[in-house]
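Because only heavy atoms are used, hydrogens play no part in the values below, and waters and symmetry mates are left out as well, while side chains stay in.
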Amino acid sequence: QLDLVESGGGSVQTGGSLKLACVAHTYTFEVYSMGWFRQRPGKEREGVAAIDTRGRTNYADSVKGRFTISRDNAQDTVYLQMDDLKPEDTAVYYCAADQRADIATFEFLAHWGQGTQVTVSS
């Protein structure tokens, strides 16, 4: 059992920024790879950004140069800094955690948060 709680979603104009946070309620946060996924209406959930236990990262091509994933092991928290937001970034964003994740392929199967809505208007 692992609880993941996302926050930081909201509504912004095109070109704006948001910072999402996900707190993992576990005593062993440092052993988990963490990821951010999103789901747009009528589409499948897709990987956005991921970070492993050594700080290595992977990003979807659509967000490279605009989004930054980071983690603070002392706070059991993973962040997603989103800059230069576009309308196509509008989605529900989900936090994921997996001790056996493959961040290169966004293979996360273990734990998921409830999601936070991000809306970008033009």
Side-chain angles (χ1 to χ4, degrees):
Q1 187 71 27
L2 176 60
D3 293 326
L4 301 172
V5 182
E6 301 105 329
S7 63
S11 298
V12 297
Q13 298 290 117
T14 297
S17 297
L18 286 172
K19 188 173 185 178
L20 307 183
C22 171
V23 178
H25 293 276
T26 176
Y27 294 112
T28 55
F29 179 73
E30 63 273 12
V31 308
Y32 288 90
S33 290
M34 303 296 297
W36 287 98
F37 293 71
R38 67 187 180 188
Q39 187 168 17
R40 288 169 279 192
K43 297 185 177 181
E44 298 294 321
R45 185 169 58 190
E46 63 179 342
V48 175
I51 185 166
D52 70 9
T53 59
R54 297 292 183 264
R56 296 176 297 179
T57 59
N58 184 40
Y59 297 92
D61 288 341
S62 60
V63 308
K64 286 180 180 177
R66 299 189 297 120
F67 291 10
T68 303
I69 188 170
S70 62
R71 65 190 297 160
D72 184 345
N73 289 346
Q75 298 294 324
D76 293 346
T77 303
V78 63
Y79 301 94
L80 185 66
Q81 177 67 49
M82 304 184 292
D83 297 316
D84 191 23
L85 283 161
K86 304 175 180 179
E88 53 262 43
D89 295 318
T90 295
V92 177
Y93 283 72
Y94 297 91
C95 177
D98 196 334
Q99 291 176 293
R100 297 177 174 83
D102 183 348
I103 69 167
T105 60
F106 291 107
E107 183 182 357
F108 285 76
L109 302 176
H111 307 287
W112 296 89
Q114 293 300 306
T116 185
Q117 177 71 48
V118 170
T119 302
V120 185
S121 58
S122 60

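Scanning all heavy atoms of the two residues, the minimum distance from Ala97 to Leu2 falls at CB-CD2, 3.7 Å. Across Lys64 and Asp61, no two heavy atoms sit closer than the pair NZ-OD1, 3.0 Å. Of all non-hydrogen atoms in Gly47 and Ala60, the two that sit nearest each other are O-CB, 3.5 Å. Among all heavy-atom pairs drawn from Val78 and Cys95, the shortest one is CG1-SG, 3.9 Å.
The main-chain N or O of Glu30 is never found under 3.5 Å from a side-chain atom of Thr53 such that the two would form a donor-acceptor pair. In this structure, Tyr94 contributes its side chain and Glu6 its backbone to no donor-acceptor pair below 3.5 Å.
Tyr79 and Leu4 are members of different hydrophobic clusters when ILVMFWY side chains are connected at heavy-atom separations under 4.5 Å. One hydrophobic cluster, built from ILVMFWY side chains closer than 4.5 Å, holds both Phe106 and Val92. Cluster annotation: Phe108 is not connected to Phe29 through the hydrophobic network of ILVMFWY side chains, with a link wherever side-chain heavy atoms come within less than 4.5 Å. Linking ILVMFWY residues whenever their side-chain heavy atoms come closer than 4.5 Å, directly or via other members, places Ile51 and Tyr32 in the same cluster.
Separating the CD atom in Gln39 from the CD atom in Glu46 is a distance of 9.5 Å, to the nearest 0.5 Å. In this structure, CG on Leu20 lies 8.0 Å from CZ on Phe67, to the nearest 0.5 angstrom. Between the OH atom in Tyr93 and the CG atom in Leu80 there is a gap of 7.5 Å [rounded to 0.5 Å]. Between Leu85 atom CG and Ser121 atom OG the span is 10.5 Å, to the nearest 0.5 Å. Arg71 CZ to Asp76 CG: the interatomic distance, rounded to the nearest 0.5 Å, is 9.5 Å. Distance check: Asp102 CG to Asn58 CG gives 9.0 Å after rounding to the nearest 0.5 Å.
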**Study point:** From CA spacing to verdict: salt bridge (Lys or Arg N to Asp or Glu O under 4.0 Å), Glu88, Arg40
**Key:** CA-CA 8 Å; Glu88 53 262 43; Arg40 288 169 279 192; over 6 Å; no
Check your understanding: Yes or no on side-chain contact (heavy atoms from CB on, under 4.5 Å) for Arg100 and Leu109, after CA distance, side-chain angles and deciding distance?
Key -> CA-CA 9 Å; Arg100 297 177 174 83; Leu109 302 176; over 6 Å; no
Exercise for review: Could you go through the side-chain contact (heavy atoms from CB on, under 4.5 Å) check for Val63 and Arg38 one step at a time?
Suggested key: CA-CA 12 Å; Val63 308; Arg38 67 187 180 188; 4.0 Å; yes
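Screening Asp83, Asp84, Asp89 for a side-chain hydrogen bond (donor to acceptor under 3.5 Å, both in side chains) with Arg66, the sole residue that qualifies is Asp89.
Using a 4.5 Å heavy-atom cutoff, the side chains of Thr57 and Ile103 are not in contact. Contact check for Val12 versus Ser17: no side-chain heavy atoms found under the 4.5 Å cut-off.
For the residue pair Ser33 and Asp98, no side-chain donor N or O sits within less than 3.5 Å of a side-chain acceptor on the partner.
With a 6.0 Å radius and a threshold of 12 heavy atoms from other residues, nucleotides or ligands, Gln114 has its CD atom at or below the threshold.
Less than 6.0 angstrom separates the ring centroid of Trp112 from the ring centroid of Phe37.
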